[in-house]
Amino acid sequence: MTAAFARVPELLAQHLLLAFAAMLLGLVISVPLAILSARNKAVGRIALGFASLVQTIPSLALLALFYPILLSLSALVGGGIPALGFLPSLLALMLYALLPILRNGVTGLATLDPAVLEAADGVGMTPWQKLLWVEAPLVAPVLMAGIRTAAVWTIGAATLATTVGQPSLGDLIFAGLQTQNWTLVLAGCIAAAGLALAVDALLGLAEYGIARRKRILVWASLGTLAAALLVALTPVLPGGQKTVVVGAKGFSEQYILARLIGHRLEAAGYKVQYREGLGSVVAFAALASGDVDVYVDYSGTIWTNEMKRTDVPPRDAIVAGVGQWARAQHGVTLLGSLGFENAYAFAMRGADAKRLGIVSLADLARHAPALDLATDVEFLERPEWKAVRTAYGLSFKSAHPYQPTFMYRALESGEADVIPAFSSDGRIAADRLAVLSDPKGAIPGYDAILLLAPARANDPRFQAALEPLVGAIPVEAMREANYRVDRDQAKASPDAAARWLEQRIGRVP
């Protein structure tokens, strides 16, 4: 538990900075827009309609939508606009903050007593003086209520920024859900809830001070928030030590390998940060743009997703082709293969496969219409699924995506009959699953490969720290390390599993 909560301060600081920045940007946009909307009904209808529409879009989808938008903008202006990390998170959260601030501002201005406004006109106030000295003080308590609501929403939604490469308390929650480490989930949830409650309480104090005209309460509240912001800035200020970012996708093996890489870089004198829970497309884009310095991907994933290749040559040819393409197109260096393959491998409960006489995907095709398929969250949209479905004519009774750990749970509980398992996963043997052969060779090889960002291509110290991992990890060792994290009893953390793996392969930094 101590290890889980030890990560909270750094992630809390990142989370706070992101939420505060989104709130400030939302205020800068929504307050003037509220004034304009109260003065012009047509503008008000359009502004409130747009803000309401944004609220109907799931926050995760809104975050994801900014990736292609910013990527296209960056291409139009010749680069320089980050499509991952802080900027898309900031823009998405800012949009979520607009509605409560805008609606409360418009409502407050629209419901002011006309007699008060007439009195202000009667004493000769200009529109600006009337706004500053009459309307603003009267509307402030109502506006503060909207700001409080927006702050709580923004802090909660910021946990999803993890999915687009921005560190947040969501790192703990997503990692905990994937590895079923409920202490991590608890740490992330408690920290996020505590932050939301604390900010809401301080803004509530400011609201009370405004309503009672007690300026000391307002300044005390805002001063405390400003102090918290300054404290949050401390961990992200530039320091003398070199900092590198290690990326990871959202499953146990990736968390373990990220820690394995991180340990070696720390021993070489680097300060290490982790960006975990990334999707395949996001992870490679983050590496190519320099937001991530190093991560482990799989040759078949790059071959199909990024290179759009549909042919299936031998594994060595795929690795070589990926390395050449990554260097030529993105400046990314393929340092080498780690020594094992983590391929998609369709699996069933052993007893069911034996009863139905299914040993290959060709056999599975005959029984598929009566079976339920459970997959990871990406598989149904990946080229590999299209290739397998086309090659064998697979058509299941149903197909549902899960996080990888829960995909195995679905198979175990009987909610699913078939899963696209991962060949380096220790749960295949532990759960006595039958792995189906691929006689038509529809699934490409998936060697685990170590990829470096363009800025690390000519960094001999960085590469020297990681080269001992090339070709050093047999699949049996990786399976055991994965199972240490995924097993039900005596679960190990990814960091502990990485330490075990270092001992097992003789690569202790």
Side-chain angles (χ1 to χ4, degrees), residues 3-4 6-7 171 174-176 178-181 183-184 244-270 272-278 283 292-299 301 319 334-343 345 404-405 408 421-431 445-452 462-509:
R7 295 183 59 194
D171 289 18
F174 280 94
Q178 172 53 39
T179 62
Q180 297 188 63
N181 184 335
T183 303
L184 281 177
V244 297
V245 179
V246 180
K249 300 183 187 182
F251 52 96
S252 301
E253 180 170 291
Q254 285 278 305
Y255 296 132
I256 296 168
L257 293 173
R259 291 306 187 281
L260 188 71
I261 292 168
H263 294 165
R264 298 200 65 84
L265 292 173
E266 286 171 342
Y270 293 93
V272 175
Q273 294 179 349
Y274 297 96
R275 290 196 182 176
E276 301 168 322
L278 305 175
V292 165
D293 289 284
V294 57
Y295 85 111
V296 174
D297 211 322
Y298 304 93
S299 56
T301 297
V319 172
L334 194 162
L335 192 62
S337 300
L338 296 181
F340 71 93
E341 181 187 21
N342 186 3
T405 294
Y408 283 88
F422 310 110
S423 61
S424 62
D425 201 321
R427 286 172 294 193
I428 291 177
D431 295 345
Y446 286 83
D447 288 272
I449 51 178
L450 199 54
L451 298 176
L452 311 183
F462 189 88
Q463 295 189 24
L466 300 179
E467 281 174 347
L469 296 178
V470 174
I473 307 177
V475 68
E476 295 79 12
M478 194 69 247
R479 283 174 181 160
E480 175 61 21
N482 287 336
Y483 190 60
R484 285 172 175 265
V485 173
D486 293 327
R487 63 191 176 191
D488 295 329
Q489 303 297 326
K491 293 171 69 67
S493 68
D495 189 81
R499 298 288 185 192
W500 175 88
L501 185 58
E502 290 163 0
Q503 297 283 346
R504 169 72 167 73
I505 64 176
R507 296 295 190 273
V508 178

Asks: Determine, stepwise, if the pair S424 / N482 fulfils side chain to side chain contact (heavy atoms under 4.5 Å, CB included).
Replies: CA-CA 8 Å; S424 62; N482 287 336; 3.9 Å; yes
Asks: Where do S337 and V319 come nearest, in terms of heavy atoms and distance?
Replies: OG-CG1, 3.7 Å
Asks: Side-chain contact, heavy-atom cut-off 4.5 Å: W500 with E480?
Replies: yes
Asks: Looking at OG of S493 and OH of Y255, how far apart are the two atoms once the value is rounded to the nearest 0.5 Å?
Replies: 13.0 Å
Asks: Please find the pair of heavy atoms, one from V475 and one from S423, that lie closest to each other, and give the distance.
Replies: CG2-O, 4.4 Å
Asks: OG of S252 to CZ of R484: how many Å apart, nearest 0.5 Å?
Replies: 14.0 Å
Asks: Can any side-chain N or O of S299 pair as donor or acceptor with the backbone N or O of D447 at less than 3.5 Å?
Replies: yes
Asks: Measuring centre to centre across the rings, with the benzene-like ring taken for any Trp, is Y270 within less than 6.0 Å of F462?
Replies: yes
Asks: Could you measure the distance from the CG atom of D431 to the OH atom of Y483? Nearest 0.5 Å is fine.
Replies: 6.5 Å
Asks: How far does CD1 of I261 sit from CG of L452, to the nearest 0.5 angstrom?
Replies: 9.0 Å
Asks: Where do G336 and V470 come nearest, in terms of heavy atoms and distance?
Replies: CA-CG1, 4.0 Å
Asks: Could you verify whether a donor N or O on one side chain and an acceptor N or O on the other, from Y298 and Q254, lie under 3.5 Å apart?
Replies: yes
Asks: Please report the shortest heavy-atom distance between I505 and A477, naming the atom on each side.
Replies: CG2-CB, 4.3 Å
Asks: Grab the two heavy atoms, one from V244 and one from D293, that are nearest each other, plus how far apart they are.
Replies: CA-OD2, 3.4 Å
Asks: Should K249 and T301 be marked as a side chain to side chain contact (heavy atoms under 4.5 Å, CB included) after you check the CA-CA gap, both sets of side-chain angles, and the distance that decides it?
Replies: CA-CA 12 Å; K249 300 183 187 182; T301 297; 3.8 Å; yes
Asks: Return the CG to CZ distance between L260 and R507, rounded to the nearest 0.5 Å.
Replies: 10.5 Å
Asks: So, does R264 use its side chain to make a donor-acceptor pair with the main chain of A465 at under 3.5 Å?
Replies: yes
Asks: So which of L450, V294, I449, L469 actually passes side chain to side chain contact (heavy atoms under 4.5 Å, CB included) with L335?
Replies: L450
Asks: Regarding R504 and E476, does a basic nitrogen lie under 4.0 Å from an acidic carboxylate oxygen?
Replies: no
Asks: For a quick test of reading the model, state the closest non-hydrogen atom pair linking G262 to V272 and the distance between them.
Replies: O-CG2, 3.7 Å
Asks: Checking L257 against I473 for the side chain to side chain contact (heavy atoms under 4.5 Å, CB included) test, could you report, in this order, the C-alpha distance in whole Å, the side-chain angles of both residues, the deciding distance, and whether it holds?
Replies: CA-CA 10 Å; L257 293 173; I473 307 177; 4.1 Å; yes
Asks: Check for a donor-acceptor pair, side chain of Q273 on one end and backbone N or O of V245 on the other, with a separation under 3.5 Å.
Replies: no
Asks: Which one of E502, E276, E266, E253 satisfies the salt bridge (Lys or Arg N to Asp or Glu O under 4.0 Å) criterion with R259?
Replies: E276
Asks: Walk me through it: do Y408 and D486 pass the test side chain to side chain contact (heavy atoms under 4.5 Å, CB included)?
Replies: CA-CA 10 Å; Y408 283 88; D486 293 327; over 6 Å; no
